[in-house]
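A short write-up of the structure that comes next.
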Protein chains: 2
Amino acid sequence: MSEKANHRKKQYHHGDLKEALITAGLAILAEGGAEALSLRETARRAGVSHSAPYRHFQNKEQLIGAIAAEGFRRLTKALSDAIALGGGRFHEELRLSGRAYVEFALNNPEHLKVMFSIKRFVPGHDCIHGVEDLDAFARIAGVFERAQAEGIIPTDQPPPALALLAWAQVHGMSHILIEKQIPPGTISLESALSLIDSWVVFMCRGLKAL
Amino acid sequence: MSEKANHRKKQYHHGDLKEALITAGLAILAEGGAEALSLRETARRAGVSHSAPYRHFQNKEQLIGAIAAEGFRRLTKALSDAIALGGGRFHEELRLSGRAYVEFALNNPEHLKVMFSIKRFVPGHDCIHGVEDLDAFARIAGVFERAQAEGIIPTDQPPPALALLAWAQVHGMSHILIEKQIPPGTISLESALSLIDSWVVFMCRGLKAL
DNA sequence: CAAAATAAGTTGACATTGTCTACATTTACT
DNA sequence: AGTAAATGTAGACAATGTCAACTTATTTTG
């Protein structure tokens, strides 16, 4: 019946409440957005009392952190897949991963909002433990690193700097779109993605000219 | 003593509570961040009862909207000033306005967060009335429009598309930095700003090559 | 294997917040 | 002056994050 902990029907101990709370949180995000995401509601969905989550998370921030970490894992996978499709060609790797980022954002807007709302790297608020969350950035940096190693782009700028620039470009586009900061109907998903294509063209030309 | 409404010392009617609430909200933002911004706290700071704000704002969202509108006004001014410093040279206008955007963001991080958290253009949630909020975007679009008119860049892409790309670049950089999504000390303000410079170089080269 | 320790869940409480309704006071307009 | 409108207050309500005290299941161990 239940996905996990299918030992007995109804028992005092849930079995894997921690996972269940994260799953519930994701469902709330998808249905009601980040505003609807409350500790008590996740508990309700998991079928436990309102303070049960405190046995698995220090506070709300930590639950949000776990949900965000799952998001970073998925984003990293999406980017890795996109890069793999590039087949080692710098231009295509950059283009496809850029599109993948924006597509991930528009398909999971509330999840991305949560991912960027947590206080990472803030002392005393380290919601995400482990380094898997930096993998997404490392993937992008890797694209530039390889291109430099192959002599396709100049080694003028360090890969992390170029990666930050690229990340900022696709993230900015994503954020503006998912926060609906431009009038609706102004731009379609396809136009936004083709703008990313144009940006890659600019970047490649600009880099080569160095 | 008081900035506004200096008619009498203590009176039942505040005089200009609406403005006072917005000012209080800005102070809360600067001191305690967006999390600390509550209706009741703004009322407290303005020295009125907890429900007095409801005489001037339908709900919390509308107060936030007014605070955000003030932010857009200030951002627009910062961008206009930066563009003016460019002296009509496309490259400098783009570079200085880009730097101005990132500087505004890093100097007013919580304000920018609020500006991008409101539901603009969402039916039933139009927190900002009037069009002054779109002026910032229009300023950037104007830079490209003039450059096209002068034949400095190709007319291949419409100005709004180029403006969106540019906006996304500087906004993405700002958002990543103010949300502290990269390890602290990884990049300094100066490095971030010089990255913007590099981006302008890429853009100009990329555009000219079209 | 029984007993003790620990992990996991529950109940009830508290302060804070956004919001609503009913009421009070001040200002504006005839 | 006297009424209507604008503005502010007081009190209530439900929802939320969090904590302390208690209960129940599981694990460890003598």
May I have the distance from [X] (atom [atom1]) to [N] (atom [atom2]), rounded to whole angstrom?
{"X": "Ile28(B)", "N": "dT16(C)", "atom1": "CD1", "atom2": "P", "answer": "15 Å"}
{"X": "Ile64(B)", "N": "dT19(C)", "atom1": "CD1", "atom2": "P", "answer": "10 Å"}
{"X": "Gln62(A)", "N": "dG17(D)", "atom1": "CD", "atom2": "C1'", "answer": "14 Å"}
{"X": "Glu35(B)", "N": "dT18(D)", "atom1": "CD", "atom2": "P", "answer": "10 Å"}
{"X": "Lys60(B)", "N": "dT16(D)", "atom1": "NZ", "atom2": "P", "answer": "14 Å"}
{"X": "Leu39(A)", "N": "dT16(D)", "atom1": "CG", "atom2": "P", "answer": "10 Å"}
{"X": "Asn59(A)", "N": "dT16(D)", "atom1": "CG", "atom2": "P", "answer": "17 Å"}
{"X": "Asp16(A)", "N": "dA7(C)", "atom1": "CG", "atom2": "C1'", "answer": "14 Å"}

(message) Looking at Lys119(A) and Glu35(B), is there a salt bridge between them, counting it only when a charged N and a carboxylate O are closer than 4.0 Å?
(response) yes
(message) Can you tell whether the side chains of Arg99(B) and Asp197(B) come within less than 4.0 Å, N to carboxylate O?
(response) yes
Measuring to OP1 and OP2 of [N], would you say a side-chain N or O of [X] lies under 4.0 angstrom away?
{"X": "Tyr54(A)", "N": "dG17(D)", "result": "no"}
{"X": "Ser38(A)", "N": "dT16(D)", "result": "yes"}
{"X": "Arg44(B)", "N": "dT17(C)", "result": "yes"}

(message) Tell me whether Thr186(B) contacts the main-chain N or O of Ile182(B) through its side chain, where contact means a donor paired with an acceptor under 3.5 Å.
(response) no
(request) Take His56(B) and Glu41(A), find for each the nucleotide of DNA chain D with the closest heavy atom, and name the residue whose nucleotide sits nearer the 5' end. (result) His56(B)
(request) Select from Ser51(A) and Ala52(B) the residue whose nearest nucleotide in DNA chain D is closer to the 5' end of that strand. (result) Ala52(B)
(request) Would you verify whether the NZ or CZ of Arg120(B) falls within 45 degrees of the ring axis of Phe72(B) while also being under 6.0 Å from that six-membered ring's centre? (result) yes
(message) Can you say whether a donor on the side chain of His50(B) sits under 3.5 Å from an acceptor on the base of dG11(D), or the other way round?
(response) yes
(message) For Phe116(B) and His171(B), I'd like to know if the aromatic rings sit close, meaning centre-to-centre distance below 6.0 Å.
(response) yes
(request) Would you kindly compare Arg55(B) and Glu61(B) by the position of their nearest DNA chain C nucleotide and give the one closer to the 5′ end? (result) Glu61(B)
